[in-house]
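So the structure is just underneath, and the comments pick up after that.
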Amino acid sequence: MKPTISIIVAIFNRKDELFELLTSLTAQTDKGFEIIIVDDGSLIDLKPTIAKFEEFLTIKYFRKDNSGPGLSRNYGARRAQNEWLVFVDSDVIVEKDYIGNIKKGIVEIPCDAFGGADKAHKGFNLMQKAISYSMTSVFTTGGIRGNKKAVSKFQPRSFNMGVKKEVFEKVGGFSEMRIGEDPDLSMTLWENGFTTAFFDTIAVYHKRRVDFGKFSKQVYQFGCARPILNQRHPNYVKISFAFPTLFLLGYVMGFLEYFILGKGIILVFYGLYTFMVLFHALIMTKNASIAGMAVISTYIQMFSYGYGFLKSWILLNIFRMKPEDAFPKHFHKN
């Protein structure tokens with residue numbers, strides 16, 4: 001008997017992205033799934049967009065007050081009818097065999113939760129492809145979003161994540177965190193003895209932010225969330241989490257060395273790093289313009305994440321603030 005699937009999409013505004021996601025789900029070779037759309041207090045009406053697909057897809061639409069993505073996904077999960085919950089972000093596009101490959105993976109790879117990679121679609125603009133590169137590159141995230149060989153224990157992320165409904169309910173679903181709620185869930189699953197797996201045939205095309213300013217804000221928030229996650233899950237802390245902060249501090253030290261001592265030894269290493277990123281991006285994308293922008297997006301990612309991590313670590317560990325007091329916007333108050 002094939003596994004049954006409920007796709008859950010928590011969305012805020014993104015009408016155009018929702019249209020593209022539903023279009024890709026309409027093209028699925030395996031039609032055996034339901035879609036639950038949770039409108040997290042959008043400021044625009046999403047119903048006309050959804051109505052265009054109701055003839056072709058089994059869609060349930062719910063609107064609620066804004067509470068952030070995690071609690072909105074929980075809201076959708078409680079209304080799901082099937083045994084597996086599959087969470088995707090509203091700004092992704094899936095291949096036509098996405099559902100079929102999920103069901104195949106569940107049968108072939110025993111697990112309680114799974115995830116897949118994200119990558120750039122050929123239709124993305126140059127900046128989106130550059131940002132996608134930096135988010136999946138071995139020189140930034142270590143490639144953990146791009147392939148299963150990059151990590152020994154795969155941590156599913158909510159842009160492309162599946163969980164058994166009964167397991168999801170046992171651990172209480174997503175937490176009250178608005179940022180970092182998906183790694184929080186993955187580590188909670190591990191702490192409760194549940195297993196996760198990587199399915200290499202279910203990659204999604206993830207649009208992310210379409211400009212550097214929004215991208216910088218997003219990864220800054222990721223950086224702020226990491227020390228909070230370290231407090232919540234101390235058994236899964238890695239020194240590599242602090243690498244962007246060390247990268248940022250090293251860059252500052254390099255300029256101080258240059259202007260105060262007249263030496264540029266430290267900056268030479270950053271020059272080498274820049275060259276490696278540019279060369280690698282050129283090989284991976286085969287486009288000089290994307291490679292050039294990938295260098296910019298890589299530095300934005302490292303600096304913004306590094307600053308967020310440093311700020312959060314100081315507030316939590318030096319000033320001993322509670323996470324919800326240090327970052328009230330990162331938590332939903334029930």
Side-chain angles (χ1 to χ4, degrees), residues 3 5-6 8 10 68-74 76-78 80 83-89 102 105-118 135-136 141-204 206 221-244 305 309 312-313 316-317 323-324 330-332:
I5 304 292
S6 294
I8 298 175
L71 297 188
S72 294
R73 296 187 191 106
N74 291 350
R78 290 193 294 270
E83 60 179 319
W84 281 89
L85 310 174
V86 175
F87 302 98
V88 296
D89 280 355
I102 284 178
I106 290 171
V107 172
E108 295 179 351
I109 307 174
C111 61
D112 300 299
F114 62 85
D118 59 344
M135 285 295 287
T136 58
T141 63
I144 61 171
R145 290 171 173 258
N147 66 88
K148 63 181 178 181
K149 295 180 180 178
V151 288
S152 56
K153 196 170 187 178
F154 187 72
Q155 190 176 93
R157 300 299 178 97
S158 56
F159 62 81
N160 186 13
M161 177 185 197
V163 190
K164 285 181 182 176
K165 185 177 181 181
E166 62 176 351
V167 169
F168 187 82
E169 292 172 342
K170 284 180 181 178
V171 300
F174 290 98
S175 71
E176 74 284 3
M177 294 180 70
R178 283 177 175 259
I179 305 294
E181 76 286 348
D182 42 355
D184 181 58
L185 174 59
S186 290
M187 288 183 281
T188 298
L189 290 170
W190 294 341
E191 290 164 350
N192 284 272
F194 297 114
T195 59
T196 60
F198 178 90
F199 291 178
D200 58 7
T201 58
I202 65 165
V204 300
H206 199 177
Q221 292 174 334
F222 291 163
C224 292
R226 179 50 65 179
I228 299 173
L229 293 169
N230 289 347
Q231 279 194 356
R232 294 168 72 100
H233 308 280
N235 291 333
Y236 299 106
V237 175
K238 294 181 180 180
I239 189 64
S240 59
F241 294 156
F243 176 66
Y305 187 103
F309 183 100
S312 181
W313 188 90
L316 300 185
N317 295 282
E324 56 269 28
H330 285 201
F331 292 84
H332 176 73

**Message:** F174 vs L71, test: side-chain contact (heavy atoms from CB on, under 4.5 Å). Steps then yes/no.
**Reply:** CA-CA 6 Å; F174 290 98; L71 297 188; 5.6 Å; no
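Of all non-hydrogen atoms in E108 and P110, the two that sit nearest each other are O-CD, 3.5 Å. In this structure, I8 and G76 approach most closely via the heavy-atom pair CD1-C, 3.8 Å. Annotation for P183 and L229: closest pair CG-CD1, 3.6 Å, computed over non-hydrogen atoms. Listed here is the closest heavy atom pair of D184 and H233: OD1-NE2, 2.6 Å. Taking both residues in full, the closest heavy atoms of M187 and Y236 are given as SD-CB, 3.6 Å, listed atom of the first, atom of the second, then distance. Of all heavy-atom pairs between L185 and G173, the closest is CD1-O, 3.7 Å.
Taking P227 as the reference, F309, S312, W313, L316 meet the side chain to side chain contact (heavy atoms under 4.5 Å, CB included) condition, with sequence neighbours excluded. Evaluation of the salt bridge (Lys or Arg N to Asp or Glu O under 4.0 Å) rule for R178 yields no partner, not counting sequence neighbours. By the side-chain hydrogen bond (donor to acceptor under 3.5 Å, both in side chains) test, S186 pairs with no residue at all, sequence neighbours left out. T195 is linked by a side chain to side chain contact (heavy atoms under 4.5 Å, CB included) to C111, D112, counting only residues two or more places apart in sequence or in another chain. Contacts of R226 classified as salt bridge (Lys or Arg N to Asp or Glu O under 4.0 Å), with partners at least two apart in sequence or in another chain: none. Taking the side chain to side chain contact (heavy atoms under 4.5 Å, CB included) definition, one finds that E169 meets it with K165, sequence neighbours left out. Take P69 and apply the side chain to side chain contact (heavy atoms under 4.5 Å, CB included) test, not counting sequence neighbours, and it matches R73, E181. Every ring pair (Phe, Tyr, Trp, His ring centres under 6.0 Å) that F199 has, sequence neighbours left out, goes to F114.
Between F154 and F198, the ring planes lie perpendicular to each other; the angle is over 60°, past the 30° to 60° tilted range.
Proximity of a side-chain donor or acceptor of N160 to a complementary backbone N or O of I202 within less than 3.5 Å is detected. Side-chain N or O atoms of T196 include none that pairs as donor or acceptor with a backbone N or O of Q155 at under 3.5 Å.
Side-chain atoms of P3 and V107, non-hydrogen and from C-beta on, do get closer than 4.5 Å to each other. Side-chain contact check for K170 versus F194: some heavy-atom pair is nearer than 4.5 Å. Between E324 and E176, the closest side-chain pair of non-hydrogen atoms is not below 4.5 Å.
Side-chain atoms of H330 and Q221 form no donor-acceptor pair, as typed in the model, at a separation below 3.5 Å.
Distance CD/E83 to CD1/I5: 7.5 Å, rounded to 0.5 Å. Rounded to the nearest 0.5 Å, atoms NZ (K238) and CZ (F243) are 15.0 Å apart. With values rounded to the nearest 0.5 angstrom, K153 atom NZ is found 5.5 Å from W190 atom CH2.
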